[in-house]
Amino acid sequence: MNLDGVCILDNDHSRSELFSNFLKKEGIETLNIDTIGELERDSSGQGFIMIIIDYLTILNAPRENIINFFKRLSTGNMIVYNVPADATRRLAFYDLGAKWVFDVSYDPDEIIYNIRTILKKITADSIPKKLVSKGKLENTSVASLINKIGRENRSGVLKITAKTNSGKIYFYHGDLDDAQVGTIRGQEAIFHMYLWREGNYSFTVSHPDSCLSNIELSNIGILIRAEDTRRKYFKSYEALCSPHSLIGGENIGDLILSFPDISNGFFKLLEKLTIVDDVLENSFYTNYRSLEILLQLKQGNALKIEEPVKAVLETFQKNDSGLKEMLLNSEELERFRENIGIEEETSIKMLFLGAEDGGRSKIIRELSHTQGKMQGKSQLELAHVQLHKSLELLIIGAEMNQMILDSIEQLSEGLSGYVFLLDCNKIDGFEYNNYFINHMLSLNQAPVSIILTNFSKNENIDTIRSHFLVPESIPWVIYNPDDSNNIKEILLSVVPIPEEEEEEEQNSKKPDSNIESKNGDNEVEMTEEEDSE
């Protein structure tokens, strides 16, 4: 069986055969397993594009096998079904790495329908080895494409189009023959494209009469050199600045005179602050050579660098047309400071996390008396709120999704609070919202409030709350766009979680503690202590 198969772990043979027959019709091989022990014995450590797991089959296994099973799972595409209709249990599997969890209300046909949908989403990850002709670079890598075309001895042109640049790699009977990115040719062009992680690619078959022979190294030799270049590149990138930083040169005229070997055109790119990735993709040098130059300029104090949030914030400050109306009176300010535990601070920041179309942007605009702004590539919505003459609030708005987590984690230092915005029109997303809220609170135990948007008169707030397993002390506030005082209520509702409740909540959310079974009179239960053993 190849690495593109799907593993089905289910001791109900009629159901596993149903899933298997469906997958085979889709051209996907399957490995049907009755027990965890069989999987460990028969799969020989191979990978799968998806693992489909029956909850009851897992719980019938010996405890040690369960622990080892989750330790050795490597695929991120894990489906668990037949889970009890209990949010605690479903969330446990999300913490263990499952991407999709279906409770007992889903029958096999509904699960098959969802498997079909899920496979379409992950096909680009698993099929590029079979379908090289067209796809997205985010789902594969230049190295994988070169290996695939080489193994199949193809001749043709691999075209790669990144956000601000494009290039071509030429193959002759599977061997690297030539490459080009702008004026850059040969192996340097391959190294340049090897560093791209986003974009589109397409391979066009051709039948040249002869080879160009502009690349002397073998495919393997090129990839070894390219990987070495990649390691050095990202180490240097980390030493230069954060992704999406703005960079510019100091005294461009002096730089041109001081570095006669560097193209004047390159320095002109630094005349104004520019996103670093846009500078790296220029028409004068490879991206890795450009990075070396920028690092040299930084070491000589000749480079101006503004980190992502600072850069966005300063741009925002220059263009901020807010009315600067004082939002809180002195009594409210004192209450607010006490709520979030600040005394002498004159400037604080808070994260407003929720869907833009679910009321986030509207609330931010109401707070700041101005239009919220999405700035550059940071995907952060920023706004100033003059709470009082002695206190200014920076609001950072963002979606509740995995893509923004890295940026949010960079902002956690010095954070004064979270405001989580839940759209009552999107109940299907509550389970993930619950997971996200708990994840953020585990990163930083800052003061917090939960705001319900699009809440109708027919809804019951207790019913909404029943979807969430969060600390009881977190305030829940209904957003009313028709009430002018509601905005103040949102701010003043942000309060810290009592320490004793934080500890209780952490203990109750240990990933493995929610997976249990009864085998006769013996209860199978996984805990973190057992896992560490």
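In this structure, Leu291 and Phe234 have side chains that are not in contact, with every pair of non-hydrogen atoms separated by 4.5 Å or more. Counting only heavy atoms from C-beta outward, the side chains of Asn438 and Val470 approach each other to under 4.5 Å. Side-chain contact between Val205 and Phe203 is present, with at least one heavy-atom pair separated by less than 4.5 Å. Using a 4.5 Å heavy-atom threshold, the side chains of Asn433 and Lys426 count as separate. The closest side-chain heavy-atom distance from Glu399 to Leu353 is not below 4.5 Å. Side chains of Ile275 and Ile247 form no contact here, defined as non-hydrogen atoms less than 4.5 Å apart. Counting heavy atoms from C-beta outward, Leu223 and Ile146 have side chains that approach closer than 4.5 Å. Taking 4.5 Å as the limit, every side-chain heavy atom of Leu9 sits out of range of all side-chain heavy atoms of Ile52.
For the salt bridge (charged side-chain N to carboxylate O under 4.0 Å, His left out) condition, the pairs that include at least one residue of residues 167-183, sequence neighbours left out, are Asp178-Arg185.
The two atoms that bring Leu303 and Leu294 nearest to each other are CD2-O, 3.6 Å, heavy atoms only. Heavy atoms only, all atoms of each residue included: Ile305 and Lys298 are closest at CD1-CD, 3.8 Å. Residues Ser263 and Phe284 share a closest heavy-atom pair of OG-CD2, 3.4 Å. Across all non-hydrogen atoms, the minimal contact from Gly249 to Leu255 is CA-CD1, 4.2 Å. Minimum heavy-atom separation, Ala179 to Ile190: CB-CG1, 3.4 Å. Looking at every heavy atom in both residues, Leu137 comes nearest to Tyr201 through N-CD2, 4.0 Å.
Proximity of a side-chain donor or acceptor of Asn282 to a complementary backbone N or O of Leu269 within less than 3.5 Å is not detected. When atom types are taken as modelled, the side chain of Asn251 and the backbone of Asp254 share no donor-acceptor pair closer than 3.5 angstrom. Between the side chain of Ser155 and the backbone N or O of His173 there is at least one donor-acceptor pair closer than 3.5 Å. In this structure, the side chain of Ser144 does not engage the main chain of Thr140 through any donor-acceptor pair within 3.5 Å. At least one donor-acceptor pair closer than 3.5 Å links the side chain of Asn219 to the backbone N or O of Leu176. Tyr418 places a side-chain N or O within donor-acceptor distance of the main-chain N or O of Met440, the cut-off being under 3.5 Å. Judged purely by atom type and a 3.5 angstrom limit, Thr274 uses its side chain to pair as donor or acceptor with the backbone of Lys272.
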List the steps, then state whether side chain to side chain contact (heavy atoms under 4.5 Å, CB included) holds for Ile8 with Ile33.
CA-CA 6 Å; Ile8 302 172; Ile33 297 294; over 6 Å; no
Mind running side chain to side chain contact (heavy atoms under 4.5 Å, CB included) on Phe102 and Val83 for me, showing each step along the way?
CA-CA 6 Å; Phe102 302 111; Val83 177; over 6 Å; no
Tell me, with the steps shown, if Val157 and Ile169 meet side chain to side chain contact (heavy atoms under 4.5 Å, CB included).
CA-CA 6 Å; Val157 181; Ile169 301 177; over 6 Å; no
Starting from the C-alpha separation in whole Å, work towards a yes-or-no answer on side chain to side chain contact (heavy atoms under 4.5 Å, CB included) for Val279 and Phe266.
CA-CA 8 Å; Val279 176; Phe266 181 82; 4.3 Å; yes
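For the residue pair Glu292 / Tyr285, no side-chain donor-acceptor distance below 3.5 Å is found, with atom types taken as modelled. Side chains of Ser242 and Ser245: a donor-acceptor N/O pair is absent below 3.5 angstrom, by distance only. Using modelled atom types, one finds no donor on one side chain facing an acceptor on the other under 3.5 Å when comparing Glu250 with Asn301. Judged by distance alone, the side chains of Tyr237 and Asp277 do bring a donor and an acceptor atom under 3.5 Å apart.
With values rounded to the nearest 0.5 angstrom, Ile79 atom CD1 is found 13.0 Å from Asp54 atom CG. With rounding to the nearest 0.5 angstrom, the SG atom of Cys211 is 14.5 Å from the OH atom of Tyr170. Separation of atoms CG (Leu158) and NZ (Lys148) is listed at 13.5 Å; rounding is to 0.5 Å. For the atom pair CD1 of Ile252 and NZ of Lys268, the computed distance is 10.5 Å after rounding to the nearest 0.5 Å. Between the CG atom in Leu23 and the CD1 atom in Ile115 there is a gap of 6.0 Å [rounded to 0.5 Å]. For the atom pair Phe352 CZ and Ser361 OG, the distance stands at 11.5 Å (nearest 0.5 Å).
Comment: Lys163 engages Glu198 in a salt bridge, judged by a side-chain N to carboxylate O separation of less than 4.0 angstrom. Look at Glu152 and Arg154 and you find a salt bridge, because one of the NZ, NE, NH1 or NH2 atoms lies within 4.0 Å of a carboxylate O, short of that distance.
A tilted orientation is assigned to the rings of Tyr432 and Phe436, their planes being inclined by 30° to 60°.
Here the options are Gln180, Arg289, Glu281, the test is side-chain hydrogen bond (donor to acceptor under 3.5 Å, both in side chains), and the partner is His192; only Glu281 passes. None of Arg225, Glu227, Gln187 except one satisfies the side-chain hydrogen bond (donor to acceptor under 3.5 Å, both in side chains) rule with Tyr194; the exception is Glu227.
Atom CD of Glu238 has 12 or fewer neighbouring heavy atoms from other residues, nucleotides or ligands inside a 6.0 Å radius.
With sequence neighbours excluded, no residue forms a side-chain hydrogen bond (donor to acceptor under 3.5 Å, both in side chains) with Ser166.
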